[in-house]
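Report on one structure; see the data block that follows.
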Protein chains: 2
Amino acid sequence: MSRRRVTLADLAQAAGVSRTTASLVMTGRGRELRISHDVEQRVLRAADELGYRPNAVSVGLRTGTSRTIGFVSDTVATSRLAGDMIKGALEAARERGVMLFIGETEGDPELERGLLHAMQDRQVDGLILASMYTRTIKVPKDVGPAVLLNALPKTASDLPSIVPDEVEAGRAAARVLLDAGHRDGIYLIGVGPELGDVPPRSVAARERLVGIREILGEAGVKIAGGRMFVDWLPEEGSAATADLLEQHRPKALICLNDRLALGAYHALSDAGLDVPGDVSVVSFDDHPIASWMRPKLTTVALPHYELGRKAVEVLFAQMGEETGQGEIHRVPMPVRHRESVAAPRV
Amino acid sequence: MSRRRVTLADLAQAAGVSRTTASLVMTGRGRELRISHDVEQRVLRAADELGYRPNAVSVGLRTGTSRTIGFVSDTVATSRLAGDMIKGALEAARERGVMLFIGETEGDPELERGLLHAMQDRQVDGLILASMYTRTIKVPKDVGPAVLLNALPKTASDLPSIVPDEVEAGRAAARVLLDAGHRDGIYLIGVGPELGDVPPRSVAARERLVGIREILGEAGVKIAGGRMFVDWLPEEGSAATADLLEQHRPKALICLNDRLALGAYHALSDAGLDVPGDVSVVSFDDHPIASWMRPKLTTVALPHYELGRKAVEVLFAQMGEETGQGEIHRVPMPVRHRESVAAPRV
DNA sequence: TCGCATCGCTAATCCGATTTAGCAAAGGGA
DNA sequence: TCCCTTTGCTAAATCGGATTAGCGATGCGA
């Protein structure tokens, strides 16, 4: 179908110079190594006419660098929630002329090993080890330059981490309610009011709660109660809220994610309560449904796109420096003010 | 950090044989080329001890094949809707020991060219050209082995296409209502009742409508009306349904996608109508929200995962045969029976 | 005019594998 | 004993570039 690719040898012949000269010109080292302007122009013109593009595989073999990075995740690549993470990484990579390999481990260590090997065998310049939900992961040995995305190292590691700033997000959610004038009747959906009442292994749950408690505590506001659930699904949000309503009359709900909030909406609606007239709702994640719900949900957004970008940026910085410092980069989670929060009814 | 990789030369030396012999053994051609069992075992053992893995870049240079395919899309890679497409492709690729490059063009032809070049420069064995929404695309020249995913060639092309079977999906949706006993008061949300009343360039809209009309027509059932909207967003579903309710009293709604259905739910609820008691709703896509809605939405699912898998399968078949035939592979769209359809009220 | 530095370019090697062609030793037949 | 196969392995070429070392021509100062 397509005729043979144009190689450096073809280019050199067309320009009437040696392969060395052609290479020097094409890599931009012609000046430095005293190639005459005349010859340089001849090579450049020939390259343009022939449509010469260096074979990246060959360059990779010779230089040991492939202008390629690997994006390995448990399942994030295909999660609807976090596709933006890939997008951010993709764009940041493109800006640097780098391609992205992706792979999923599905939590299987065997798969992970195979995947990392396959990428290393292809001489990736660096790796992004991503996780669907923020959590701690065991860092593989000898991965070369790498960053953790949406994940923290389980044991001390010199790999940098990029994670959403969940504590600050918790503070922000609490401030949203305080700013609206709420001082009591604030309940939590997804976690209990105490620091111990969080789903195990959920960094987001723990940190969000820390932030919430900190700000409410500072304001002298007491959390009226909460319901802990592990998976944070809509049904759980419904159940938690319905259960709550049997005994209490909440004025505001902090739902630990948008799916819980969706369920909470349903339960509130069933109870004939109006959002935000009777009950204000604030949530986390900014899942697409948040802006489809009625009323539109005020929520603290997971900055997926920014996380992805940042991962690539940090990875490149690290590749330059060669000094892994295990730094933790926290990406701000912006509040999306919408329609689900109002002043408490007097 | 990590010591130098073990090369074939290291392996040969450790086993006390030539690089040729080591290579023959490792590529499994030892038998064929008369390497003694004894030597073979020695090489194998050494390889195991040293942890030898061939450098894929070098192999790629020598053999011209990279065990890598490229997944180029307009924006599908990061769309929440279609991440499953990637997942299907990823798994099918892994089963074949192949890695996946991904890239997004965002509809920019310049970006697309650059991306295709970057992939070809890296000697990908094949390409998947994917689209977010089913549509016709202009096929780039000289791409080598490739398949179109969720897309059809704008002009005649010998590249195979993999698309969801939208016409059959339309038939299925119509049958769902017929089977439930509906014979009149069936309205369309998202397209008009006539074949001309569809958003331009939307293959899905056109084909779904064709299927719907075919089955209803065969049953002697007339479509009572419809409302055409271009973007199929929740607000449009609300608006369309509200508008409809001003003049008509529908018994069933065929929403052209789940977001429209979500909006329709809201409008029906506002009008005090019960789903499915007063109005049955059937939809398309099986977006995640479909099972979060109340009542859960009966919808004809886009088989994203299967589309992705199929793309890789067809690509490999094509790479084997060298005979692009421009075949169109239609992947079935299964009905997800849930709670939004009931017999019409008598 | 000779010697040396500079200029402008190229030959040769290397990266790490695969593959072709062929060599030395052993075996077999006449 | 001589010649021809077969066996078992290896030297060398190759893929397409980057890089090192160096070569011939020119210019300049003494």
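Here is the naming used below: chain letters follow the sequence lines, and residue numbers restart at 1 for every chain. Hydrogens, waters and symmetry mates are skipped; everything else that's a heavy atom, side chains included, is used.
- The only option from B/L44, B/D10, B/V43, B/L11 that meets the side chain to side chain contact (heavy atoms under 4.5 Å, CB included) definition with B/Y52 turns out to be B/L11.
- On the nucleic acid side, DNA chain C has its first and last nucleotide under 4.0 Å of a heavy atom of chain A at C/dC7 to C/dG16, going 5' to 3'.
- By the neighbour-count criterion of 12 heavy atoms within 6.0 Å, atom CZ of B/R96 is densely surrounded, having more than that number from other residues, nucleotides or ligands.
- Looking at residues 25-48 of chain A, you'll see A/T27 sit with a heavy atom under 4.0 Å from some atom of DNA chain D.
- With hydrogens and angles left out, the side-chain atoms of A/D125 and A/T65 include a donor and acceptor closer than 3.5 Å.
- The backbone N or O of A/R67 sits less than 3.5 Å from a side-chain atom of B/R122, completing a donor-acceptor pair.
- Looking at heavy-atom distances under 4.0 Å, A/T21 makes contact with a base.
- Using a 4.0 Å cut-off on heavy atoms, the residues of residues 51-70 of chain A that approach DNA chain C are A/L61, A/R62, listed by number.
- Along DNA chain D, the stretch of nucleotides lying under 4.0 Å from any heavy atom of chain B spans, 5' to 3', D/dT7 to D/dG16.
- Axis angle across the helix from C/dT1-D/dA30 to C/dA30-D/dT1, with five pairs used at each end and values rounded to 10°: 70°.
- In terms of heavy-atom proximity, B/A118 sits nearest to A/M99 at CB-SD, 3.7 Å.
- Using a 4.0 Å heavy-atom criterion, one finds that A/T7 contacts the sugar-phosphate atoms exclusively.
- When all heavy atoms of B/L307 and B/I162 are compared, the pair lying nearest together is CD2-CG2, 3.6 Å.
- Without hydrogens or angle criteria, B/E327 side chain to B/S161 main chain gives no donor-acceptor distance under 3.5 Å.
- Although no hydrogens or angles enter the test, the distance criterion places no donor-acceptor pair under 3.5 Å between the side chain of A/E106 and the main chain of A/T75.
- Judged purely by distance below 3.5 Å, without hydrogens or angles, the side chains of A/T105 and A/D74 never pair a donor atom with an acceptor atom.
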With side chain to side chain contact (heavy atoms under 4.5 Å, CB included) as the criterion, how do A/K87 and A/R309 come out once you've worked through the C-alpha distance, each side chain's angles and the decisive distance to 0.1 Å? CA-CA 8 Å; A/K87 193 184 195 88; A/R309 281 199 76 86; over 6 Å; no

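- Separation of the B/F101 and A/F101 ring centroids falls under the 6.0 Å cut-off.
- Side-chain N or O atoms of B/R5 include one that pairs as donor or acceptor with a backbone N or O of B/R53 at under 3.5 Å.
- Residues B/L148 and B/P153 are in side-chain contact: their nearest non-hydrogen atoms beyond the backbone lie under 4.5 Å apart.
- A salt bridge is defined here as a Lys NZ or Arg NE, NH1 or NH2 lying under 4.0 Å from an Asp or Glu carboxylate O, and B/E40 with B/R31 meets this definition.
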Pair B/T134-B/N150, side-chain hydrogen bond (donor to acceptor under 3.5 Å, both in side chains): steps then yes or no: CA-CA 5 Å; B/T134 308; B/N150 211 8; 2.4 Å; yes

Which is it for B/S18 and B/T21 under the side-chain hydrogen bond (donor to acceptor under 3.5 Å, both in side chains) test, yes or no, and what are the steps along the way?
CA-CA 5 Å; B/S18 70; B/T21 303; 3.1 Å; yes

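- Counting non-hydrogen atoms of neighbouring residues, nucleotides and ligands closer than 6.0 angstrom, the CD atom of B/Q13 reaches no more than 12 such neighbours.
- In the region residues 11-18 of chain B, proximity to DNA chain C at under 4.0 angstrom, judged on heavy atoms, holds for none of the residues.
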